[in-house]
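First the proteins, then the strands, lettered A, B, ... as listed; each starts at 1. Please read all numbers here as calculations on a predicted model, not as lab measurements.
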There are 4 protein chains.
Amino acid sequence: MSGRGGALSSGKGLETPTRRASAIRDYAKEAIIQATAEVFSTRGENASMAEIAEVSGVARATLYRYFPNRERLLDALMDSALADLKKGICQADLESVELGDAIARLTRVLFALSDKYIYLVRSHVGKDRIKEFRLAVRPVLERFISAQRQGLIRQDIPADICFNFYLGVTRSAFGMLFEGGDLLEDMVSQVTRFVLSALATVELDGDH
Amino acid sequence: MSGRGGALSSGKGLETPTRRASAIRDYAKEAIIQATAEVFSTRGENASMAEIAEVSGVARATLYRYFPNRERLLDALMDSALADLKKGICQADLESVELGDAIARLTRVLFALSDKYIYLVRSHVGKDRIKEFRLAVRPVLERFISAQRQGLIRQDIPADICFNFYLGVTRSAFGMLFEGGDLLEDMVSQVTRFVLSALATVELDGDH
Amino acid sequence: MSGRGGALSSGKGLETPTRRASAIRDYAKEAIIQATAEVFSTRGENASMAEIAEVSGVARATLYRYFPNRERLLDALMDSALADLKKGICQADLESVELGDAIARLTRVLFALSDKYIYLVRSHVGKDRIKEFRLAVRPVLERFISAQRQGLIRQDIPADICFNFYLGVTRSAFGMLFEGGDLLEDMVSQVTRFVLSALATVELDGDH
Amino acid sequence: MSGRGGALSSGKGLETPTRRASAIRDYAKEAIIQATAEVFSTRGENASMAEIAEVSGVARATLYRYFPNRERLLDALMDSALADLKKGICQADLESVELGDAIARLTRVLFALSDKYIYLVRSHVGKDRIKEFRLAVRPVLERFISAQRQGLIRQDIPADICFNFYLGVTRSAFGMLFEGGDLLEDMVSQVTRFVLSALATVELDGDH
DNA sequence: GATGAATGAGCGTTCATTCAT
DNA sequence: AATGAATGAACGCTCATTCAT
């Protein structure tokens, strides 16, 4: 509300109470979301709202002031995860490197994300969220597509399917990582090599 | 359970009441499990025990006589799924074909399984179940291992990791299949080709 | 439910489960109502449902199984009070005695009732309840009416108003009784004498 | 309260800021009290503090600056009612008329009061308030007492009890008035006649 | 001093799980 | 053995009261 004028008047440095309050509110929300992430990775994703409130350092009633119900809180957590993902992808500067490195870097980003939001990885995410996720990783998918057009990778499997396969590999990789025993960079390397081999142009001869 | 009576009367060589009762019990259990599977695919995996009981045609409390709690019921469902898996793998006669075909066949089996137990695919499965799953698919893992030993597939990534990557690919594939648009056999073929390429022996030259 | 046949079939001793269950349920309800009355006179009428449940020896959830909400519980308490009132009036055998004694006896009944349900006396009772109360005390009102017709009591104030005035006197009397210091029978006597004097036929001479 | 400032500036003998502030404060309090009375007669006596605040035109929290809690607000409302009562009694000039008229006049005052503060009539008033009420109506009680001493009214029932009985009658009368159908002056007259008859000296002969 | 936000307690509900018959 | 009822934990919500600005 009263959002439009924001950019214009900000030069004056005249933070209105309303705006400040809203900022505070956003800050609190963010804090709660982080606390939720923490609780979830500790107590599991069926932690009670009371637990979340407690860790957030806030009364249960207050929690409900910020998020009308559990689902909405989860949504916000999702949004947060997606924001992290976007930021991670952005910082990874995927466009400037060749495909192999792009894959390696995205894998690292996904690992980091998964590490923070394991429960999300496991959890049943609404269709709209999936769309948003796809949108976020779209840049890399585009790389697959153009690489395919240029004949740099195999053409007998649609690029988007290849990309999904890659994501599946990463997911499995994170599973192993999470269970322990493997080193992150090793795993990144293995994923990358595995996928690159899988994508390599093939001489048509098999019948599988 | 109540095993003692059984042993004593087994000398008669005939269906004792105890044994018959036990059989009936097993039958009821199986019926409940099937009902559960049905409810889950209808209402989703968070269907209430009440719903399950209703579809099973028993009272809620009776449900609990068969399965002490929700988790155990889920476990039983798992066991059922694992049994299906084992049977499927067995019928697939994986040993008699070469690796590529073995992968294709296992993929088909997993697709069929996933189709029946989608909710399981998505759901957070206990560690012990995962072990059992691994045990069931172990034969194929063995194929990976021996193929690696024989130098038939790449050696720079441990066979078990390769196998897990393959499973990840299959999972993603099923996801796409489930969302619709792709043909089962096409997908089997794509998974197989993708993985086979990924597994192909590589000349050591990259640095990823 | 299925109430009518009760007396008839009870000879057979064939208490069906349903009927028995219903009886148990009624019994439990009654117990809860009594507990509520107790809690209310102890902790006041704003005692929490939790307190009521505790004193009832029942879990809060169970309390809600019997009474869907606080209001309904209060209603039931009311009904109970009214039943007590009716029973008290019935046992008082008001018809067989002359008006003065009838008043004295009704006063005693009302005192006893008020003692058990003080909070009700003080509390804001719905219109329908008031109707029921009036219905219960109607017999005595009828005595007022017929006495008036017979010229036994004053005729310059409608009988129903006189009766209401009497109730007001009783209420005040109970108030004093409750605060302590006065003896029950003294108070009954005083109320009766006061009202009887007030009701006595008057020679028309005043101008108030 | 906050007396320090007051003492210092009181030398000037004029409206100090503190004093003025205090006056403003009192004015606001009075406004809130009136608003409360209004809300109560509209929404009933369990109107929320939010409603009261809204009608008062202040924020909920501000309401609490004036009255630390709901009870205190109710108390203030009481005080207001008692003030009205005292004023009414004062204006009624009860001392100058004979007992019958005094009763009639007090009844009118009480009716007017009840009309304005119905919720109070019905509500559970703290003991201290009752004391104040009694103090306010004490003059009439004194009349009862002296009349009894002089042998003008019955002596077999203590004067204070008679007085309370009278109040009970008035209360009932107001109840009927409030429900409608009766005229105020008729009711005043009936109350008065009823009570006067009740108070009339009696020849000792009954045994009730 | 006035206010928005926070708090805690209670309400009414659902649901997995347990009890008693 | 099967069942209706009981239980406890959590949810989502309202409201009187308190806090921090």
- Task: Hey, which sits more toward the 5' end of DNA chain F by its nearest nucleotide, A/Asn46 or C/Gly57?
- Result: C/Gly57
- Separation of F/dT17 atom P from D/Arg72 atom CZ, nearest Å, is 11 Å
- Task: Give a yes/no answer on whether the side chain of A/Arg25 brings an N or O atom under 4.0 Å of OP1 or OP2 in E/dA5.
- Result: no
Set out, line by line, the N/O atom pairs under 3.5 Å between protein and nucleotides 8-10 of chain F.
| unit_1 | atom_1 | unit_2 | atom_2 | d |
| --- | --- | --- | --- | --- |
| F/dA10 | N6 | C/Arg60 | NH2 | 3.4 |

- Task: Give a yes/no answer on whether the side chain of C/Tyr64 brings an N or O atom under 4.0 Å of OP1 or OP2 in E/dT13.
- Result: no
- Message: Can you measure D/Ile32 atom CD1 to E/dG1 atom P for me and round it to whole angstrom units?
- Response: 14 Å
- Could you go step by step and tell me if A/Tyr117 and A/Ser80 meet the side chain to side chain donor-acceptor pair (under 3.5 Å) rule? CA-CA 10 Å; A/Tyr117 300 99; A/Ser80 179; 3.2 Å; yes
- Message: Tell me the interatomic distance from C/Lys29, atom NZ, to F/dA6, atom P, rounded to whole angstroms.
- Response: 12 Å
- Query: Do A/Arg129 and A/Asp75 come close enough that some side-chain heavy atom pair is under 4.5 Å?
  - Reply: yes
- Item | side chain to side chain donor-acceptor pair (under 3.5 Å) between C/Glu38 and C/Gln34, intermediate numbers included | CA-CA 6 Å; C/Glu38 186 189 326; C/Gln34 293 312 318; over 6 Å; no
- Task: Send over the distance from D/Glu54 CD to F/dC15 P, rounded to a whole Å.
- Result: 12 Å
- Taking side chain as C-beta onward, heavy atoms only, is A/Arg72 less than 4.5 Å from A/Asn69? yes
- Task: Find the distance C/Phe67:CZ to E/dT13:C1' and express it as a whole number of Å.
- Result: 18 Å
- Item | Nearest-Å distance for atom pair CG/P, residues A/Asp26 and E/dA5 | 12 Å
- Would you say A/Tyr66 and A/Arg25 make side-chain contact, with heavy atoms under 4.5 Å? yes
- F/dT14 P sits how many Å from A/Arg65 CZ, rounded? 12 Å
- If E/dA20 has a Watson-Crick or G-U wobble mate with both distances under 3.5 Å, name it; if not, just say none. F/dT3
- Query: Are side-chain heavy atoms of C/Phe67 and C/Thr36 found at a separation under 4.5 Å?
  - Reply: no
- Query: Where the side chain of B/Asn69 is defined as all heavy atoms beyond and including C-beta, which of F/dA5, E/dT17, E/dA6 is the nearest nucleotide?
  - Reply: E/dT17
- Query: Any side-chain heavy-atom pair from B/Glu30 and B/Ile33 closer than 4.5 angstrom?
  - Reply: yes
- Identify the nucleotide, in any strand shown, that forms a Watson-Crick or G-U wobble pair with E/dT13, with both distances under 3.5 Å; if there is none, say none. F/dA10
- Note on the structure: Rounded to whole Å, the CG-P distance (C/Leu63 to E/dT14) equals 15 Å
- Select base, sugar-phosphate, or nothing to describe what A/Tyr66 touches, counting heavy atoms under 4.0 Å on all strands. sugar-phosphate
